[in-house]
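So the structure is just underneath, and the comments pick up after that.
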Amino acid sequence: MAATKLHVLDCGSMSCDLTWLLLKPGRSIRSRQEREIPAEWYPCTTHCVLVETDDGLLLWDTSCPRDWETRWAPTGLHDFFPYDRVTEEQYLDARLGQLGVAPENLRYVVFSHLHFDHAGNAKMFGSTGAQLVVNDKEKEFAFGFDGLFTGAHLKSDYDGLDFQTVSGDTELLPGVTLIEAPGHTPGTMSMKVDLSETGSMIFTSDAIYMGDSYGPPATPAAIVNDLGAWYASVEKIRGLAEKTNSQVIFGHDADQLWSMRRSPDGFYS
Ligand SMILES: [Zn+2]
């Protein structure tokens, strides 16, 4: 097995109205008895994953940038998803540093998709020699629209970078499989990592935001590019998780992230 160690990098949280993440009556959507209760704001946690493999270090996603407030301002979303629950040691560069890892040490940087809370530090790896990997449909969409941004795709995060693309489900390295899971965006991917002691872990990224989204039944969210594809991807992941007895780690589930072994205090092997 080629993936030997896996580090979960907790990069703090954005804050947002829970309704963005979960359209669920009784939780984010109010009944008449609850109509006076303010919207619930949620710690929208953001994480990256560092995988040690026989072929070098692989980073899954790059979280949010330090200059989020100015960088995201053109989109208006800085007021809806402020990255304001983060400490100095939680920024991605600090998290890597705590493990003695510099950007130059990474062999692969894989992007679940190119939204600004996943590609926010992509340019940290622009000239380090790392292979930047993204799904082909995601690249086509992210470079294909007119203007500087659409939704949470912000071209300044990733323009000028040289991406390698994968299509369909792809075993990128022995023990590391990228799973095509569109719906949230046209080319969202999840990642399955097989470890000798822990077994398999599936990092869904935004294919599935939280445990409440997974259900069953699956519960959608406010930002979905293609709702039919989203439902199919959730069930695809559920089927794969059951077949491979995998743990499923969601993209923005605070309670789950905070219950995990997090770097630098712990890791999975
Ligand atoms: Zn996200």
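For the numbers below, each heavy atom of this structure counts, side chains included, while hydrogens, waters and symmetry mates do not. Indexing begins at 1, ligand by ligand and atom by atom, following the structure's order.
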Please output the side-chain donor-acceptor pairs of residues 143-155 that fall under 3.5 Å, not counting sequence neighbours, one pair per line with the distance.
{"unit_1": "His153", "atom_1": "NE2", "unit_2": "Glu138", "atom_2": "OE2", "d": "2.7"}
{"unit_1": "Lys155", "atom_1": "NZ", "unit_2": "Phe145", "atom_2": "O", "d": "2.4"}
{"unit_1": "Lys155", "atom_1": "NZ", "unit_2": "Gly147", "atom_2": "O", "d": "3.0"}

Quick note, side-chain hydrogen bond (donor to acceptor under 3.5 Å, both in side chains) partners involving residues 121-130, not counting sequence neighbours, are Lys123-Asp159
Heavy atoms of Met210 and Tyr42 approach each other most closely as CE-OH, 3.4 Å
Any donor-acceptor pair under 3.5 Å linking the side chain of Arg27 with the backbone of Leu22? no
Please list, one pair per line, the donor and acceptor atoms closer than 3.5 Å that link side chains of residues 232-239 to other protein atoms, with sequence neighbours excluded.
{"unit_1": "Ser233", "atom_1": "OG", "unit_2": "Pro182", "atom_2": "O", "d": "2.6"}
{"unit_1": "Ser233", "atom_1": "OG", "unit_2": "Ala229", "atom_2": "O", "d": "3.1"}
{"unit_1": "Glu235", "atom_1": "OE1", "unit_2": "Arg238", "atom_2": "NE", "d": "2.8"}
{"unit_1": "Glu235", "atom_1": "OE2", "unit_2": "Arg238", "atom_2": "NH2", "d": "3.0"}
{"unit_1": "Lys236", "atom_1": "NZ", "unit_2": "Asp169", "atom_2": "OD1", "d": "3.0"}
{"unit_1": "Lys236", "atom_1": "NZ", "unit_2": "Asp169", "atom_2": "OD2", "d": "3.3"}
{"unit_1": "Lys236", "atom_1": "NZ", "unit_2": "Glu180", "atom_2": "O", "d": "2.8"}
{"unit_1": "Arg238", "atom_1": "NH1", "unit_2": "Tyr214", "atom_2": "O", "d": "3.2"}
{"unit_1": "Arg238", "atom_1": "NH2", "unit_2": "Tyr214", "atom_2": "O", "d": "2.8"}

Taken by chain and residue number, the protein N/O/S atoms under 2.8 Å from the Zn ion (ligand 1) read Asp117 OD2, His118 NE2, Asp206 OD2, His252 NE2
For the side chain of Thr4 and the backbone of Glu52, is there at least one donor-acceptor N/O pair under 3.5 Å apart? yes
